[in-house]
Amino acid sequence: MNSSFDVIIIGAGPAGLSLAYCLGKNKLSTLLIEKKSIKLIGEKTCGDALGFERTEELKTLCQIEEPNSESVCEKLETVHLSSANKFEISIAFQCRTIDRLKYGQQLLKMCKISQQFLY
Ligand SMILES: Cc1cc2nc3c(=O)[nH]c(=O)nc-3n(C[C@H](O)[C@H](O)[C@H](O)COP(=O)(O)OP(=O)(O)OC[C@H]3O[C@@H](n4cnc5c(N)ncnc54)[C@H](O)[C@@H]3O)c2cc1C
């Protein structure tokens, strides 16, 4: 393993994985450090809703693929928010729910394909 890198990223969440992929594509040597085991990369307690604009932006800017059919659970037209004190609101918001573990593994695979991913 190299002893020096252009960039060291701590944390293989969506941000770290996306950044590692972009840096790798730009030929920067990158070390990505994650405290979880590889098989658990992506797993996180989350509402799981993901808007289309964000991933479209990632695709346009960095060629990061949209969540694949395995990662996408459900397409939604409305998001319903409620709280313990009975506050409730529905917002028209086109998005989809994703399986975060599967999406994380998809991003991880993409980094490995770019051959800049070290673990
Ligand atoms: C309850 C909840 C619900 C949410 N619902 C939604 C939603 O519906 N839609 C939405 O878009 N967003 C939602 N979010 C926000 C979303 O989860 C975050 O915006 C997103 O995960 C941030 O990505 P990230 O890569 O910056 O960080 P993270 O996903 O938190 O990833 C950080 C990574 O760093 C690792 N790490 C941390 N410390 C270290 C260390 N010292 N050494 C090595 N590795 C380390 C962690 O294990 C993790 O893998 C929700 C968040 C919470 C908490």
Side-chain angles (χ1 to χ4, degrees):
M1 191 161 108
N2 293 346
S3 57
S4 72
F5 299 89
D6 295 314
V7 181
I8 297 176
I9 302 168
I10 314 290
L17 288 165
S18 303
L19 179 61
Y21 177 69
C22 292
L23 294 171
K25 275 182 61 135
N26 286 288
K27 310 281 180 228
L28 289 164
S29 66
T30 306
L31 176 65
L32 177 57
I33 299 173
E34 169 58 51
K35 65 181 176 181
K36 287 183 202 154
S37 72
I38 294 239
K39 282 185 181 165
L40 292 180
I41 285 180
E43 190 179 71
K44 176 165 176 155
T45 302
C46 180
D48 296 340
L50 187 61
F52 292 100
E53 293 84 0
R54 298 291 76 82
T55 50
E56 281 165 12
E57 240 171 1
L58 279 175
K59 188 163 188 184
T60 307
L61 293 172
C62 322
Q63 294 77 54
I64 292 175
E65 286 302 320
E66 298 271 348
N68 61 28
S69 55
E70 266 189 39
S71 306
V72 175
C73 300
E74 206 179 351
K75 292 199 174 150
L76 305 176
E77 301 287 332
T78 310
V79 173
H80 189 74
L81 305 169
S82 63
S83 71
N85 66 2
K86 299 200 166 65
F87 170 83
E88 288 191 31
I89 186 170
S90 292
I91 304 167
F93 176 52
Q94 287 199 337
C95 63
R96 72 286 221 203
T97 53
I98 55 160
D99 180 318
R100 288 229 25 188
L101 178 60
K102 288 184 180 164
Y103 184 47
Q105 293 291 314
Q106 179 191 329
L107 294 175
L108 178 64
K109 193 170 168 193
M110 190 182 71
C111 288
K112 285 182 181 169
I113 289 168
S114 82
Q115 295 185 345
Q116 301 293 324
F117 186 78
L118 302 166
Y119 57 91

So do the side chains of Glu56 and Glu66 get within less than 4.5 Å of each other, counting heavy atoms only? yes

Check whether Gln106 reaches the backbone of Ser71 with its side chain - one donor and one acceptor, N or O, closer than 3.5 Å. no

Could you give the distance from CG (Leu31) to CG (Asp6), rounded to the nearest 0.5 Å? 11.5 Å

How many angstroms lie between atom SG of Cys111 and atom NZ of Lys25, to the nearest 0.5 angstrom? 11.5 Å

Do any N or O atoms from the side chain of Asn26 and from the backbone of Leu28 form a donor-acceptor pair under 3.5 angstrom? no

Could you tell me whether the side chain of Ser29 and the main chain of Phe5 form a donor-acceptor pair under 3.5 Å? no

Is Val7 reachable from Met110 through a run of I, L, V, M, F, W or Y residues, each pair having side-chain heavy atoms under 4.5 Å apart? yes

If Ile, Leu, Val, Met, Phe, Trp and Tyr residues are connected whenever their side-chain heavy atoms lie under 4.5 Å apart, and connections chain through other members, are Ile98 and Val79 in the same group? no

Hydrophobic cluster identity match, Leu61 and Leu19, side-chain contacts under 4.5 Å: no

Between Leu76 and Phe52, is there shared hydrophobic-cluster membership here, with clusters defined by ILVMFWY side-chain heavy atoms closer than 4.5 Å? no

Ignoring hydrogens and geometry, is there a side-chain-to-backbone donor-acceptor pair from Lys44 to Gly13 under 3.5 Å? no

If you measure from OH on Tyr103 to CG on Leu17, what distance do you get to the nearest 0.5 Å? 9.5 Å

Would you give the length of the straight line joining atom SG of Cys95 to atom CD of Glu77, rounded to the nearest 0.5 angstrom? 9.0 Å

Honestly curious: do Leu40 and Ile10 fall in one hydrophobic cluster under the side-chain, below-4.5 Å linking rule? no

Ion pair present between Lys59 and Glu65, side-chain N to carboxylate O less than 4.0 angstrom? yes

Minimum-distance pair of heavy atoms, taken over all atoms of Gly42 and Lys36: N-NZ, 4.4 Å

Nearest-0.5 Å distance that lies between atom OG1 in Thr97 and atom CD in Glu74: 5.0 Å

I want to check something: taking the side chain as every heavy atom from C-beta on, are Tyr21 and Leu58 in contact at a cut-off of under 4.5 Å? no

Provide the closest heavy-atom pair for Ser90 versus His80 in the form atom of the first, atom of the second, distance. OG-ND1, 2.7 Å

Hey, could you give me the CZ/SG distance between Arg100 and Cys73, rounded to the nearest 0.5 Å? 12.0 Å

Could you pull out the closest heavy-atom pair between Ala20 and Leu32, with the gap in Å? CB-CD2, 4.0 Å

Between Arg96 (side chain only) and Leu50 (backbone N and O only), is there a donor and an acceptor less than 3.5 Å apart? yes

Heavy-atom nearest pair, Pro14 first then Leu107, reads CA-CD1, 4.0 Å

Would you find a donor on one side and an acceptor on the other, under 3.5 Å apart, between the side chain of Gln105 and the backbone of Ile38? yes

